[in-house]
Amino acid sequence: MNAITPDSPPRARSFRIAPGGTLRGEVRVPGDKSISHRAIMLGALADGETVVTGFLEGADSLATLAAFRAMGVEIEGPDAGRVRIRGVGLHGLTAPAAPLDVGNAGTAMRLLCGLLAGQRFASTLVGDASLSRRPMRRVTEPLAQMGASIETTAAGTAPLLIRPVPRLTPIDYAMPVASAQVKSCLLLAGLYADGTSCITEPAVTRDHTERMLATFGCPVQRDGRKVCIRGGSRLTAPPDGVPVAVPADISSAAFFLVGASIAEDADLLLPAVGLNPTRIGVLNILEAMGARLTITNHHDSGAEPVADIRVQSAGLKGIEIPAVQVPLAIDEFPALFIAAACAEGETLLTGAEELRVKESDRIAVMAAGLGALGVETEVLPDGIRIQGRGGRSLGGGSIDSHGDHRIAMAFAMAALRAEAPLLVQDCENVNTSFPGFARLAAGAGLGIEEHVA
Ligand code: S3P
């Protein structure tokens with residue numbers, strides 16, 4: 001177990017968390033990141049004005065907003081989650097004066113890549129060091145099949161140089177990986193193709209793009225795992241007074257679901273969380289582990305289902321995570337690994353090689369952090385085996401989040417079951433998806449302090 005010593009100085013932003021404590025009361029987590037990106041994109045391409053409420057004011061979705069401003073779209077806000085977008089129509093974007101920098105945001109880069117492939121101007125997409133390592137061929141290869149002209153580095157990574165082409169041809173594409181980003185990228189490119197494009201997913205992935213296209217009067221045709229879109233379909237802003245309402249992000253709620261499950265004497269209410277069936281893997285997995293979740297007040301928020309979740313302490317047990325849950329919980333594994341570390345018995349995850357190409361290699365980085373806390377793991381090529389500590393505490397010490405927002409927040413929650421303080425390093429990117437995380441968590445009882453070096 002490693003200790004907090006002067007040899008491990010905090011990088012730019014770090015969390016120091018006192019061991020133990022609990023979570024109680026009510027926590028309103030910010031807006032859904034995936035839906036916030038899409039609201040800006042479709043609002044910008046629509047005819048008419050779109051008002052978005054509940055927009056996530058995190059660095060990732062703000063990068064998308066800035067990219068559209070740079071392409072001539074007038075956008076007011078965000079102001080307390082409210083954004084007004086003056087749509088320019090399918091062909092109204094203008095050439096950006098400089099490369100579009102989307103920072104850490106994989107969703108922005110992959111979705112924009114499809115959308116930009118259909119424009120009459122050239123553009124360049126760049127990102128931060130983490131995003132510049134992530135695979136982009138999964139989008140550039142099918143886009144090339146549509147006739148798009150996109151240059152990547154020799155490694156198939158960003159920067160992405162997108163040149164205009166006379167026309168995009170429709171595609172009928174079976175995706176080799178279950179990826180909502182690839183599906184959404186091709187749906188957006190499909191809007192600019194001469195005919196109908198179809199994309200088949202190998203497993204169900206989040207369907208926010210499809211739902212939001214319908215909100216904008218452009219329903220996709222679905223046949224099982226296949227979705228089709230007609231090129232040239234116009235998008236229309238929702239009627240006046242009907243905002244695109246972004247629900248609270250279940251991926252952000254996940255840290256509190258795990259924290260309250262593992263802490264003693266916890267009782268937390270998370271109101272109006274998005275419960276899209278393609279996103280609820282974390283609830284299914286936690287329930288299978290024995291979590292105490294009570295879900296009430298089901299209703300719709302625009303095109304998305306939402307509900308209130310109450311979570312109370314529970315004695316979790318290790319499980320074999322069913323393969324079908326993997327794409328439905330793909331962003332929640334850092335938090336779920338903490339749940340597994342505190343559970344009684346072994347948890348086994350397989351079929352999750354995608355975790356290796358997220359904001360960090362989440363299997364390797366989580367295994368290293370868990371090891372530092374005294375948790376035994378076995379790293380597998382496509383997953384991990386975690387030996388839960390059951391009634392025994394986790395150790396304390398210093399954890400390197402490798403600049404991965406979800407890993408930082410997952411380990412912050414681990415302190416609830418630690419026997420000594422935790423220092424979580426390199427937490428700047430928590431702002432990409434969950435601005436105000438430390439303040440909200442502290443309000444619910446976590447002994448967390450944010451330090452900026
Ligand atoms: C997202 C899809 C997922 C997810 C990411 C957001 C989206 O990525 O991990 O955080 O908004 O479409 P993949 O499509 O790579 O699985």
Side-chain angles (χ1 to χ4, degrees), residues 30-42 55-56 58-61 63-64 102-115 127 130-131 133-142 156-158 173 175-189 199-213 220 225 227 246-247 249-255 274 276 278-282 304 324-336 351-363 382 404-407 409-410 429-430 432-434:
D32 187 282
K33 180 153 75 73
S34 291
I35 300 173
S36 294
H37 282 299
R38 287 157 172 84
I40 297 292
M41 293 182 190
L42 299 195
F55 177 76
L56 169 68
D60 275 17
S61 35
T64 290
V102 295
N104 196 242
T107 305
M109 182 166 282
R110 296 203 178 108
L111 270 59
L112 274 172
C113 184
L115 192 159
S130 151
L131 184 52
R133 284 192 293 270
R134 296 180 66 187
M136 292 298 147
R137 283 202 184 110
R138 55 181 60 199
V139 290
T140 59
E141 283 181 357
T157 52
Y173 188 66
M175 296 195 299
V177 281
S179 163
Q181 292 179 351
V182 176
K183 174 178 63 174
S184 303
C185 162
L186 298 177
L187 285 172
L188 292 173
I199 304 111
T200 305
E201 47 188 11
V204 174
T205 68
R206 64 190 69 191
D207 65 356
H208 304 303
T209 306
E210 296 93 304
R211 286 171 187 255
M212 202 177 289
L213 280 166
V220 300
R225 300 248 170 90
V227 286
V246 179
D249 198 330
I250 189 167
S251 297
S252 297
F255 304 105
N276 181 312
T278 61
R279 294 283 298 280
I280 57 170
V282 62
E304 297 282 346
V324 293
Q325 299 299 332
V326 172
L328 311 184
I330 194 67
D331 291 337
E332 285 63 78
F333 285 108
L336 286 167
E353 50 277 275
E354 274 296 296
L355 293 182
R356 294 205 177 264
V357 290
K358 293 294 178 192
E359 286 83 331
S360 69
D361 175 342
R362 287 185 173 159
I363 295 176
D382 64 341
D404 185 324
H405 55 138
R406 301 204 196 280
I407 287 183
M409 291 185 274
N429 282 337
V430 166
T432 62
S433 66
F434 202 151

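Just follow the structure's listing: the first ligand is 1, and inside any ligand the first atom is 1.
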Handout entry: Numbered atoms and elements of ligand 1 in range of Ser179, under 4.0 angstrom, heavy atoms
Key = 13 (P), 14 (O), 15 (O), 16 (O)
Exercise for the section: Closest by any non-hydrogen atom to atom 4 (C) of ligand 1: pick that one out of Val357, Val139, Asp331. Expected result: Asp331
Handout entry: Residue portion contacting ligand 1 (non-hydrogen atoms closer than 4.0 Å) for His37
Key = neither
Exercise for the section: Give a yes-or-no answer on whether the side chains of Ser61 and Ser36 include a donor-acceptor pair shorter than 3.5 Å. Expected result: no
Handout entry: Side chains of Ser34 and His208, donor plus acceptor under 3.5 Å
Key = no
Practice task
Output yes when Glu354 and Arg138 qualify as a salt bridge under the 4.0 Å nitrogen-oxygen rule, no when they do not.
Solution key: yes
Handout entry: Arg279-Ser251 side chain donor-acceptor pair, cut-off 3.5 Å
Key = yes
Problem - Which of the ligand 1 atoms, numbered from 1, are nearer than 4.0 Å to a heavy atom of Ile330 - result: 9 (O)
Exercise for the section: Determine yes or no for a side-chain-to-main-chain donor-acceptor pair under 3.5 angstrom, with Asp382 supplying the side chain and Gly351 the backbone. Expected result: yes
Handout entry: Carboxylate-amine/guanidinium proximity below 4.0 Å for Asp404 and Lys358
Key = no
Handout entry: Distance-only N or O hit between ligand 1 and Gln181, under 3.5 Å
Key = yes
Practice task
Check each atom of ligand 1 against the heavy atoms of Ser34 and keep those under 4.0 Å away; list them by number with element.
Solution key: 1 (C), 6 (C), 7 (C), 11 (O)
Handout entry: Protein heavy atom at shortest distance from atom 6 (C) of ligand 1
Key = Thr107 OG1, 3.3 Å
Practice task
Starting from atom 8 (O) of ligand 1, find the nearest protein heavy-atom neighbour and note its residue, name and distance.
Solution key: Lys358 NZ, 3.2 Å
Handout entry: Electrostatic pair Asp331:Lys33 at N-O distance under 4.0 angstrom
Key = no
Practice task
Determine, considering heavy atoms only, which of Arg110, His208, Arg38 sits nearest to atom 12 (O) of ligand 1.
Solution key: Arg38
Practice task
Could you say whether the N/O atoms of Val182 and ligand 1 ever approach to under 3.5 Å?
Solution key: no
